[in-house]
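Computed from heavy atoms alone, side chains included, the values below leave out hydrogens, waters and symmetry copies. Labels below follow one simple rule: chain letters A, B, ... track the order of the sequence lines, proteins then strands, and each chain is numbered from 1. From a predicted model like this one, the values you see are computed outputs, not experimental measurements.
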2 protein chains.
Amino acid sequence: MTIREPQQERSRATHQRLLETTIECLAQHGWAGTTVGVVAQRAGVSRGAIQHHFPTREDLITSALEFIFDQRMAEVRAAAADLPEGAERVEAVVIRLVDYFTGVLFKAALQVWTAAAADPALKERVVPLELRFGRTVHTIATELLGADDSDPDTHRLVQATLDMARGLGLADVLTDDSRRRSQIVATWAQHLSTALTRVRAPVEAP
Amino acid sequence: MTIREPQQERSRATHQRLLETTIECLAQHGWAGTTVGVVAQRAGVSRGAIQHHFPTREDLITSALEFIFDQRMAEVRAAAADLPEGAERVEAVVIRLVDYFTGVLFKAALQVWTAAAADPALKERVVPLELRFGRTVHTIATELLGADDSDPDTHRLVQATLDMARGLGLADVLTDDSRRRSQIVATWAQHLSTALTRVRAPVEAP
């Protein structure tokens with residue numbers, strides 16, 4: 001076991017680098033530009049080694065999206081302990097959610113979803129992924145906000161927040177939208193915070 | 001003049017059909033699948049006739065986006081008279097905005113913006129378009145809502161509404177998201193309405 005450990009570590013590091021490179025390549029060069037050959041060269045891995053683990057380009061790309069998504073969500077959950085309590089918490093959570101939708105993983109996924117809109121075979125593969133990603137992000141957002149998902153209004157406000165974050169992600173694809181975005185995030189967080197507080201402690205009828 | 005009219009009408013109709021077909025083709029077949037040849041065949045226009053007016057594929061596609069966008073916005077403005085007054089108005093406006101972001105023009109633009117993210121020459125052409133479209137939609141949304149754009153909170157709430165609508169548009173690209181969407185639109189419209197009313201008539205300090 002001790003003798004094999006370094007090799008296992010090496011192959012784990014190679015696996016991580018390969019899938020990260022695939023995501024970066026998608027965000028930068030798009031679906032059509034992300035071939036096994038391009039990824040192999042950028043990651044410093046042989047084409048044969050990639051094809052041994054991922055027989056097709058679609059396998060490589062969907063595996064990269066799933067692997068990096070799960071890793072990213074585990075990080076977000078692990079960092080929950082650092083979130084402030086009280087009034088500042090909602091804004092801190094909205095900022096993290098928007099960070100996710102403006103990051104390289106979202107830009108990569110956007111390229112794949114968009115390609116899938118014009119490619120029925122790819123669409124069949126990515127629709128379950130999109131569904132799983134959406135549900136997971138909603139669950140995490142609810143947890144971080146400490147929101148009551150069984151309340152219909154709360155459920156929809158969290159969904160609306162994620163839709164807004166997705167829209168902000170899209171607005172950041174061609175140009176750096178960070179200045180406008182930070183103002184919108186602050187305004188949204190303030191309204192969300194007020195709305196969630198109102199749900200938690202409804203005003204008594206006089 | 002009278003003699004030439006029918007030909008002018010014919011060529012206007014052909015122009016309209018050609019640009020509409022380009023938008024439909026983008027939404028259905030994506031950027032790579034929208035070649036002058038494919039559009040020519042679907043629109044029943046010769047490739048030479050298209051190239052006479054639009055020397056390159058990029059010219060055809062960006063002209064189609066601009067022409068159909070301007071037409072769509074003129075329709076939205078013209079239909080403003082049909083909007084209800086009072087409490088129902090905000091929801092009616094949000095529904096129209098979200099309809100725009102879930103329509104075929106948005107799906108076509110998404111294909112072009114996404115392709116531009118991986119193509120610097122195309123990006124240079126579409127960034128000014130994206131900016132103009134964004135500003136125009138914001139101006140129209142403000143007009144329809146009867147909102148005071150000089151109030152910073154109102155300005156940002158309208159922007160956030162458009163970002164949410166854009167996110168809802170993206171969520172509708174691979175699957176029919178209309179059921180979830182209608183609930184989110186209703187919830188958000190209610191919050192937006194309350195927030196805009198609060199801005200218009202601020203509560204007096206006791």
Asks: Step through the shown structure and confirm whether more than 12 heavy atoms of other residues, nucleotides or ligands are within 6.0 Å of CD on A:Glu124.
Replies: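 Not more than 12 within 6.0 Å, no.
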
Asks: So which residue, A:Ala171, A:Ala186, A:Gly33, ends up with the most heavy-atom pairs under 4.5 Å with chain B?
Replies: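 Of the candidates given, the most pairs with chain B belong to A:Ala171.
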
Asks: Which atom names give the shortest non-hydrogen contact between A:Ala118 and B:Gly30, and what distance separates them?
Replies: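 Minimum heavy-atom contact is CB-N, 3.7 Å.
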
Asks: Show the nearest heavy-atom pair for residues B:Glu130 and A:Leu170, with the distance to one decimal.
Replies: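 So the minimum-distance heavy-atom pair works out to OE2-O, 4.4 Å.
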
Asks: Would the number of heavy atoms belonging to other residues, nucleotides or ligands and lying under 6.0 Å from CD of B:Gln16 be above 12?
Replies: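 Yes, enclosed.
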
Asks: Among A:Gln190, A:Arg180, A:Gln183, whose side chain to side chain contact (heavy atoms under 4.5 Å, CB included) with B:Arg156 holds?
Replies: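 With B:Arg156 as partner, side chain to side chain contact (heavy atoms under 4.5 Å, CB included) holds for just one option, A:Gln183.
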
Asks: I need the A:Leu122 CG to B:Leu174 CG distance, nearest 0.5 Å.
Replies: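 If I round to the nearest 0.5 Å, the distance is 8.5 Å.
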
Asks: Indicate yes or no: at least one non-hydrogen side-chain atom of A:Leu110 is less than 4.5 angstrom from one of B:Leu110.
Replies: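 The answer is yes; the side chains approach within 4.5 Å.
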
Asks: Is there a side-chain contact between A:His191 and B:Thr194 in this structure, where contact means two heavy atoms from C-beta onward sitting under 4.5 Å apart?
Replies: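 Of all side-chain heavy-atom pairs linking B:Thr194 with A:His191, none is under 4.5 Å.
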
Asks: Does CD belonging to B:Gln71 count more than 12 external heavy atoms closer than 6.0 Å?
Replies: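 Atom CD in B:Gln71 is packed in, count exceeds 12.
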
Asks: Identify the heavy atoms of A:Gln111 and B:Ala117 that sit nearest to each other, and give their distance.
Replies: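 Heavy atoms only, the tightest pair is NE2-CB, 3.7 Å.
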
Asks: So does A:Glu66 have more than 12 non-hydrogen atoms from other groups sitting under 6.0 Å from CD?
Replies: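 Enclosed.
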
Asks: Name the option with the most non-hydrogen atom pairs under 4.5 Å to chain B; the candidates are A:Gln159, A:His29, A:Arg181.
Replies: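 Winner by heavy-atom pair count: A:Gln159.
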
Asks: Could you tell me the separation between the OG1 atom of A:Thr187 and the NE2 atom of B:His155, rounded to the nearest 0.5 Å?
Replies: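 So the gap between those two atoms works out to 9.5 Å.
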
Asks: Would you mind checking which part of B:Trp188 comes under 4.5 Å of any heavy atom in chain A, side chain (CB onward), backbone (N, CA, C, O), both or neither?
Replies: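 Interface part for B:Trp188: side chain.
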
Asks: Step through the shown structure and confirm whether more than 12 heavy atoms of other residues, nucleotides or ligands are within 6.0 Å of CD on A:Glu143.
Replies: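 Above 12, so yes.
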
Asks: Taking the side chain as every heavy atom from C-beta outward, state whether B:Val173 and A:Thr114 have any pair of such atoms under 4.5 Å apart.
Replies: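 Result no, sub-4.5 Å side-chain heavy-atom pair not found.
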
